[in-house]
Structure formats: structure tokens, C-alpha cells
*Asks:* 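I have a structure here, written as C-alpha cells, and I will follow up with some questions on it.
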Amino acid sequence: VMNLLAKEAMRGSSSCVIAWARMQQLGIDVSKNDALAYKWYRWAALVGNLRGIEETSLALLEGRGVTRDVNEAIALLDKLQPVRRGARYVETASLLMQSADAEATARAEKLLLAAIDLSSERSLSAATKLSDDRFSAAAREKAQAIIAAAPKGGPISEDGKIARALWNSNDPAEIRKGVDMFAVGD
């Protein structure tokens, strides 16, 4: 299976390229190699694979297997469709907010404001993050207006919280458990 996957990846199958890159990144049946994972993700991004674009951007943002380059990471996200781009902007802003650096905060604010404009589905998430005191008064004011206008929904179920945690894991067995929680049985 490994040889077939590697051969198909080398032939350019973008889904195989992504799978091979993920295996390299996590060290699944191969030695963990972030630099090689980055190269495979980059290849997938160059042929327009959405997951490849996202993973390449994340590697650039984190400096995982490549020199950190926030500008290039964001430029890659600009190739995504608006709703997906909005979601990735929110995630990227969250990572940038982990830094106390004023430039990172300014970039995070810009991304969150863009996410609000791009995707109504992400506007509440972006607004919640913009409520942080590190952001400008104008951004916080816009965020508070969005939060105040948002419909009040019920809380996420406990199963939903558990599944989300499992899906976000880097352990394939944990991810499988998260998927299996909601799989329709025969």
C-alpha cells in the first residue's frame, strides 16, 4: 500500500500527494520529516489542491519544515474560495494572536475583519476573537455589534465537543474515533 501510495503521489494524484505529505508530517509508517512533508504539500498547492494550499500555508505560518513566512502563508490563503478563506483567516489570526508582537496583532485584526466580510458563517467566530483588548477600538466596536446581533443558539453537545477534539488530533486512531462517532451504521 505504501509503495502504491508513493507511486501515485509521484504521478501527481493530488489526494495521494496530500496523504503522503500527511504521513511524512506525522511519521506514519515513515520517519517524521517536516521538510519533506512541506515539499509534498507545496506540490499539491501548486496544482490547486485546496488541502495542499491550506497545509502549505500553515507550515509557512508555523515555520514547520520551512522558514517561517507569514506574508506567503496569507498570500496562499487568498487563493481559496471566500467561505473557506474566511475560515482559514480566523484560524491564522488565532495563531498570530499567540504572539505578543504588535505586528502579529495588527495582521490578526486585518484577517479577522476580512473574515467577517468574506463569510457570514465565520463572522461570529471572528467577532468573538476581535473582542480582545489588544485590537483597535473600531474593530472591537464592530465585533460587539456582530455579537449583539447574532442569533442565540444552543450549546454544542458533549458528543460534538468530544468529536471536535478527536478530529483535531494528529493521531490517526483518534481521528478515526471522532469520525466513527457520527458514522451511520448498517
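We count residues from 1, following the sequence as given.
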*Asks:* Residues in side chain to side chain contact (heavy atoms under 4.5 Å, CB included) with Leu58, at least two apart?
*Replies:* Glu55, Glu62, Arg64, Leu95
*Asks:* Under the rule for side chain to side chain contact (heavy atoms under 4.5 Å, CB included), what residues qualify as partners of Leu36, not counting sequence neighbours?
*Replies:* Gln24, Asn33, Trp40
*Asks:* Once salt bridge (Lys or Arg N to Asp or Glu O under 4.0 Å) is applied, do any residues pair with Asp132, and if so which ones, sequence neighbours excluded?
*Replies:* Arg134
*Asks:* Are Val70 and Leu61 close enough that some pair of their side-chain heavy atoms sits under 4.5 Å apart?
*Replies:* yes
*Asks:* Find out if a path of hydrophobic residues (ILVMFWY) with successive side-chain heavy-atom gaps under 4.5 Å connects Tyr38 to Leu26.
*Replies:* no
*Asks:* If you compare all heavy atoms of Ala115 against all heavy atoms of Gly86, which two are closest, and at what distance to 0.1 Å?
*Replies:* CB-O, 3.5 Å
*Asks:* When you compare the side chain of Ser136 with that of Glu109, does any pair of heavy atoms fall below 4.5 Å?
*Replies:* yes
*Asks:* Is there a path of hydrophobic side-chain contacts, each under 4.5 Å between heavy atoms, that joins Val83 and Leu80?
*Replies:* no
*Asks:* May I ask you to decide whether Arg107 forms a salt bridge with Asp101, counting only side-chain N to carboxylate O separations under 4.0 Å?
*Replies:* no
*Asks:* Just wondering, do Met97 and Leu112 contact through their side chains at under 4.5 Å, heavy atoms?
*Replies:* yes
*Asks:* Hey, what do you get for CD1 (Ile74) to CG (Leu111), rounding to the nearest 0.5 Å?
*Replies:* 4.5 Å
*Asks:* Where do Ser57 and Ala73 come nearest, in terms of heavy atoms and distance?
*Replies:* OG-O, 2.8 Å
*Asks:* Verify the cluster assignment for Val17 and Leu50: are they in a single hydrophobic cluster under the rule of side-chain heavy atoms below 4.5 Å apart?
*Replies:* no
*Asks:* When you compare the side chain of Arg42 with that of Leu76, does any pair of heavy atoms fall below 4.5 Å?
*Replies:* yes
*Asks:* What's the spacing between Ser119 OG and Arg88 CZ if we round to 0.5 Å?
*Replies:* 10.5 Å
*Asks:* Quick one: are Trp43 and Asn49 in side-chain contact, heavy atoms under 4.5 Å?
*Replies:* no
*Asks:* Measure the spacing between NZ of Lys39 and OG1 of Thr56 and express it to the nearest 0.5 Å.
*Replies:* 13.0 Å
*Asks:* Does the side chain of Arg51 reach to within under 4.5 Å of the side chain of Glu54, using non-hydrogen atoms?
*Replies:* yes
*Asks:* Measuring from atom OG1 of Thr128 to atom CD1 of Ile147, what distance do you get when rounded to the nearest 0.5 angstrom?
*Replies:* 4.5 Å
*Asks:* Is Ile116 reachable from Leu77 through a run of hydrophobic residues whose side-chain heavy atoms are each under 4.5 Å from the next?
*Replies:* no
*Asks:* Kindly compute the distance separating NZ (Lys142) from CG (Asp117), expressed to the nearest 0.5 Å.
*Replies:* 4.0 Å
*Asks:* Considering non-hydrogen atoms only, spot the tightest contact between Val90 and Ala126 and give its length.
*Replies:* CG2-CB, 4.0 Å
*Asks:* Could you check whether any side-chain heavy atom of Arg140 comes within less than 4.5 Å of a side-chain heavy atom of Leu130, counting everything from C-beta outward?
*Replies:* no
*Asks:* With heavy-atom distances below 4.5 Å as the criterion, would you say the side chains of Ile18 and Tyr41 are in contact?
*Replies:* yes
*Asks:* Surrounding NZ of Lys32 (heavy atoms of other residues, nucleotides or ligands, distance under 6.0 Å), is the total greater than 12?
*Replies:* yes
